[in-house]
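Accompanying notes for the structure given below.
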Amino acid sequence: MDLIDLQNVSRWFGDVRALRDVTLRLQPGSIGLLGPNGAGKSTLLKILLGLLPPSSGGGRVLGHDLTRGGFALRRAVGYMPEADSLIPGLRGADYVALSGELYGMPRRQAQRRAHEVLSYLELEDARYRRLEEYSTGMKQRIKLAQALVHDPALLLLDEPTSGLDPPGRAAMLQLLKTLGDEHGKSLILSTHLLGDVEQVCRTVVILHEGQVVSQGGVADLRQHRQDRYRLQIQGDAAAFLEELRLEGVTILDDNGRGDLRLAVPAGWVTRAFFLLADHHQVLLRGIQRDNEDLEELFHRVIEEENRHGS
């Protein structure tokens with residue numbers, strides 16, 4: 001069964017068309033939803049939740065119809081919003097248990113499951129603290145807990161690392177990766193942080209002005225560039241780099257610690273790197289093709305769309 005199957009989904013808000021004929025067929029897995037601000041990401045998530053009906057078109061999520069799936073659709077999906085959406089005065093365990101009841105779980109089951117999820121997310125020591133006393137990192141985890149409490153097959157995650165410091169962000173991404181890789185959860189990760197998607201997701205969907213402009217596996221969408229290399233070198237590299245420039249090689253990036261990105265001229269062979277390194281007594285520790293990364297892919301796709309639209 002497809003995870004998501006949409007056909008020509010559009011959504012209007014008055015005169016503003018937030019989504020334009022979105023057609024998607026996605027298989028279970030970890031999927032990054034990318035796009036500039038105003039691209040339609042949040043609108044698409046709300047349609048996938050069944051909270052917003054499409055103005056036209058239709059589709060299914062986990063076999064549930066977007067417009068007629070109702071409660072059954074929402075029970076199959078967990079949603080972690082970007083906004084806190086927390087209830088002041090409630091304790092953590094009560095908040096997660098309430099979320100379970102709203103998903104249709106019996107009260108005792110929801111309470112038991114809330115404690116299990118909070119323990120899994122390392123919030124057991126804070127389960128009886130009031131939500132307004134939580135730190136930013138704890139608030140992000142409690143939002144993930146309420147999305148997980150009913151054990152959904154699909155998680156919709158809207159900026160899950162928002163506001164987190166680097167250690168907190170790394171911990172959250174590892175949690176999401178574990179949920180996908182070890183617990184079989186499908187994820188749709190909506191974020192403007194391309195590094196988050198690169199760490200967690202194997203598939204991406206790029207939205208621009210309400211339209212899908214690219215989708216597929218990250219490895220498949222990247223440009224495989226035959227003229228770009230990454231080198232790791234050790235030693236006094238000044239003369240080595242100067243001779244590379246004389247041979248027509250462009251130094252794209254040099255971090256000063258022996259890591260280089262290069263563009264080579266037509267007809268270049270990798271053996272030339274080794275010969276020049278040996279001549280200048282430089283140790284060549286590593287060499288690999290410098291294929292396009294996710295950030296470069298994203299900006300290339302958006303720039304191409306802007307050129308076509310102008």
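- Atom CD of residue Gln215 and atom CG of residue Asp220 lie 12.0 Å apart, to the nearest 0.5 angstrom.
- When all heavy atoms of Ala145 and Leu118 are compared, the closest pair comes out as CB-CD2, 4.1 Å.
- Looking at every heavy atom in both residues, Gly32 comes nearest to Cys201 through N-SG, 3.5 Å.
- Other residues, nucleotides and ligands contribute more than 12 heavy atoms inside 6.0 Å of the CD atom of Glu133.
- A donor-acceptor pair under 3.5 Å is absent between the side-chain atoms of Ser30 and the main chain of Arg202, judged by distance alone.
- Summarising the geometry of Arg17 relative to Ser10, their closest heavy-atom pair is NH2-OG, 3.2 Å, with the distance given to 0.1 Å.
- Linking Ile, Leu, Val, Met, Phe, Trp and Tyr residues whenever their side-chain heavy atoms come within less than 4.5 Å leaves Val197 and Leu193 in two separate clusters.
- Remark: side-chain polar atoms of Ser135 are paired, donor with acceptor, to backbone N or O of Met138 under 3.5 angstrom.
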- Item | Pair Gln174-Thr178, side-chain hydrogen bond (donor to acceptor under 3.5 Å, both in side chains): steps then yes or no | CA-CA 6 Å; Gln174 184 56 52; Thr178 300; 3.3 Å; yes

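- One distance of note links CZ of Arg108 with CZ of Arg112; it measures 10.0 Å at 0.5 Å rounding.
- Proximity of Leu283 to Ile233: side-chain heavy atoms (C-beta onward) are nowhere separated by under 4.5 Å.
- Formation of a donor-acceptor pair under 3.5 Å by the Gln234 side chain with backbone atoms of Gly258 is not found in this model.
- Put simply, CZ on Arg75 and CG on Leu102 are 12.0 Å apart, with the number rounded to the nearest 0.5 Å.
- Checking side-chain atoms of Arg25 against main-chain N and O of Asp5 turns up no donor-acceptor pair under 3.5 Å.
- Side chains of Pro81 and Gln146 form a contact here, defined as non-hydrogen atoms less than 4.5 Å apart.
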- Query: Does the side-chain contact (heavy atoms from CB on, under 4.5 Å) test come out yes or no for Leu3 and Ile31, once each step is laid out?
  - Reply: CA-CA 11 Å; Leu3 182 71; Ile31 300 151; 3.7 Å; yes

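- Hydrophobic clustering keeps Phe71 apart from Leu52 (ILVMFWY residues linked when any side-chain heavy atoms are closer than 4.5 Å, directly or through intermediates).
- Put simply, the side chain of Ser186 gets close to the backbone of Gly29: a donor and an acceptor are under 3.5 Å apart.
- No side-chain heavy atom of Asp278 sits under 4.5 Å from any side-chain heavy atom of Phe274.
- Following chains of ILVMFWY side-chain contacts shorter than 4.5 Å, one cannot reach Ile142 starting from Leu179, and the two form parts of different hydrophobic clusters.
- The closest side-chain donor-acceptor pair between Gln7 and Thr23, if any, does not fall under 3.5 angstrom.
- Salt bridge Asp196/Lys177: absent, no basic N to carboxylate O contact under 4.0 Å.
- Shown here for Thr136 and Ser162, the closest heavy-atom pair between the two residues is CG2-O, 4.2 Å.
- In this structure, Tyr79 and Leu48 have side chains that are not in contact, with every pair of non-hydrogen atoms separated by 4.5 Å or more.
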- Given the rule in the side-chain contact (heavy atoms from CB on, under 4.5 Å) test, do Val9 and Leu24 qualify, once you have shown the distances and angles that lead to the verdict? CA-CA 9 Å; Val9 168; Leu24 279 175; over 6 Å; no

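- Of the possible donor and acceptor atoms, none in the side chain of Asp84 sits under 3.5 Å from a partner among the backbone N and O of Leu86.
- In plain terms, the two heavy atoms of Leu66 and Arg60 that are nearest each other are CG-N, 4.3 Å.
- Looking only at side-chain heavy atoms (C-beta outward), His150 and Arg113 stay at 4.5 Å or farther from each other.
- Without hydrogens or angle criteria, Tyr134 side chain to Arg141 main chain gives no donor-acceptor distance under 3.5 Å.
- A salt bridge links Asp290 with Arg230: the closest approach of a Lys/Arg side-chain nitrogen to an acidic carboxylate oxygen falls below 4.0 angstrom.
- Looking only at distances, a side-chain donor or acceptor of Glu132 sits under 3.5 Å from a matching main-chain atom of Gly89.
- With rounding to the nearest 0.5 angstrom, the CG atom of Leu189 is 9.5 Å from the CE atom of Met80.
- Evaluated for a side-chain contact (heavy atoms from CB on, under 4.5 Å) with Leu26, the options Val61, Asp2, Val205 yield exactly one hit, Val205.
- With hydrogens and angles left out, the side-chain atoms of Arg127 and His115 include a donor and acceptor closer than 3.5 Å.
- Side chains of His208 and Phe298 form no contact here, defined as non-hydrogen atoms less than 4.5 Å apart.
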- When you look at Ile251 and Leu262, which way does the side-chain contact (heavy atoms from CB on, under 4.5 Å) test go after all the steps? CA-CA 5 Å; Ile251 313 298; Leu262 313 171; 3.2 Å; yes

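- Looking at Leu144 and Met172, their side chains come closer than 4.5 Å, going by heavy atoms from C-beta outward.
- Distance check: Leu6 CG to Asp21 CG gives 12.0 Å after rounding to the nearest 0.5 Å.
- Around the CG atom of Asn37, the shell of radius 6.0 Å holds no more than 12 heavy atoms that belong to other residues, nucleotides or ligands.
- Within 6.0 Å of CZ on Arg68 lie no more than 12 heavy atoms contributed by other residues, nucleotides or ligands.
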- Task: Might you work through the side-chain hydrogen bond (donor to acceptor under 3.5 Å, both in side chains) test for Tyr229 and Arg261, ending with a clear yes or no?
- Result: CA-CA 6 Å; Tyr229 289 89; Arg261 292 178 63 237; over 6 Å; no

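- No path of Ile, Leu, Val, Met, Phe, Trp and Tyr side chains, each step under 4.5 Å between heavy atoms, connects Tyr103 with Leu157, placing them in separate hydrophobic clusters.
- Using cut-offs of 30° and 60° on the angle between ring planes, the pair Tyr120 and His183 is perpendicular.
- The shortest heavy-atom contact between Ala114 and Ala93 is CB-O, 3.8 Å.
- Here Lys143 does not pair with Asp158 in a salt bridge; the nearest charged N to carboxylate O distance is not below 4.0 Å.
- Hydrophobic clustering (ILVMFWY, side-chain heavy atoms < 4.5 Å, transitive): Leu19 and Trp12 are in distinct clusters.
- The residues Arg300 and Glu303 are annotated as not salt-bridged, no charged nitrogen and carboxylate oxygen being separated by less than 4.0 angstrom.
- You'll find the side chain of Ser214 stays beyond 4.5 Å of the side chain of Val204, heavy atoms only.
- Side chain of Lys185 to main chain of Pro152: a donor-acceptor pair is present (N/O by atom type, distance under 3.5 Å, no hydrogens or angles).
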- Go through Leu156 and Leu33 one step at a time and tell me if the side-chain contact (heavy atoms from CB on, under 4.5 Å) criterion holds. CA-CA 10 Å; Leu156 302 180; Leu33 181 60; over 6 Å; no

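- Between Ser119 atom OG and Asp125 atom CG the span is 9.0 Å, to the nearest 0.5 Å.
- Listed for the Arg11 side chain is a donor-acceptor partner under 3.5 Å among the backbone atoms of Pro53.
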